[in-house]
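Take a look at the structure below.
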Amino acid sequence: MNTNIGTLDRVLRVIAGLVLLSLLFLLDGEAKWFGLIGIVPLATAAMSWCPLYTLLGIRTCRTNGR
């Protein structure tokens, strides 16, 4: 697994993930469970690797041998 997510991309993913997870507390009923989708951007930010980016050949980080 090579790094394919840059710093700005990671920050944006963390923010998006936290916003989505906050839906668990802000929404009522069954709709609040959509907030669990926030785990995906948080996990990809933590790993600095996105499987979708790999499939599409996208790389938002600098290439320095990693």
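Any value given below was found using the heavy atoms of this structure, including those in side chains, with hydrogens, waters and symmetry copies removed.
Under the 4.5 Å side-chain heavy-atom criterion for grouping Ile, Leu, Val, Met, Phe, Trp and Tyr, Ile58 is connected to Ile5 within one hydrophobic cluster. Taken together through direct or relayed side-chain contacts under 4.5 Å among Ile, Leu, Val, Met, Phe, Trp and Tyr, Leu18 and Ile39 form part of one hydrophobic cluster. Note on Leu27: it clusters hydrophobically with Leu20, by side-chain heavy-atom contacts below 4.5 Å among ILVMFWY residues. Val14 and Phe25 fall within the same hydrophobic cluster, where Ile, Leu, Val, Met, Phe, Trp and Tyr residues are linked whenever their side-chain heavy atoms come under 4.5 Å apart, directly or through other members.
Note that the CG atom of Leu42 and the CE atom of Met47 stand 11.0 Å from one another [nearest 0.5 Å].
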Do Val11 and Asp9 pass the side chain to side chain contact (heavy atoms under 4.5 Å, CB included) test, and can you show the C-alpha distance, the side-chain angles, and the key distance before you say yes or no? CA-CA 6 Å; Val11 170; Asp9 198 358; over 6 Å; no
Begin with the C-alpha distance, continue with both residues' side-chain angles, and end with the deciding distance and a verdict on side chain to side chain contact (heavy atoms under 4.5 Å, CB included) for Leu36 and Leu24. CA-CA 7 Å; Leu36 290 176; Leu24 286 169; 3.8 Å; yes
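Cys50 has its side chain within reach of Asn4: a pair of non-hydrogen atoms, C-beta onward, lies under 4.5 Å apart.
Closest heavy-atom contact between Gly17 and Pro41: CA-CG, 3.8 Å.
Legend: side-chain hydrogen bond (donor to acceptor under 3.5 Å, both in side chains) pairs involving residues 33-51, not counting sequence neighbours, sorted by first then second residue: Arg10-Ser48, Arg13-Thr44, Trp49-Thr54.
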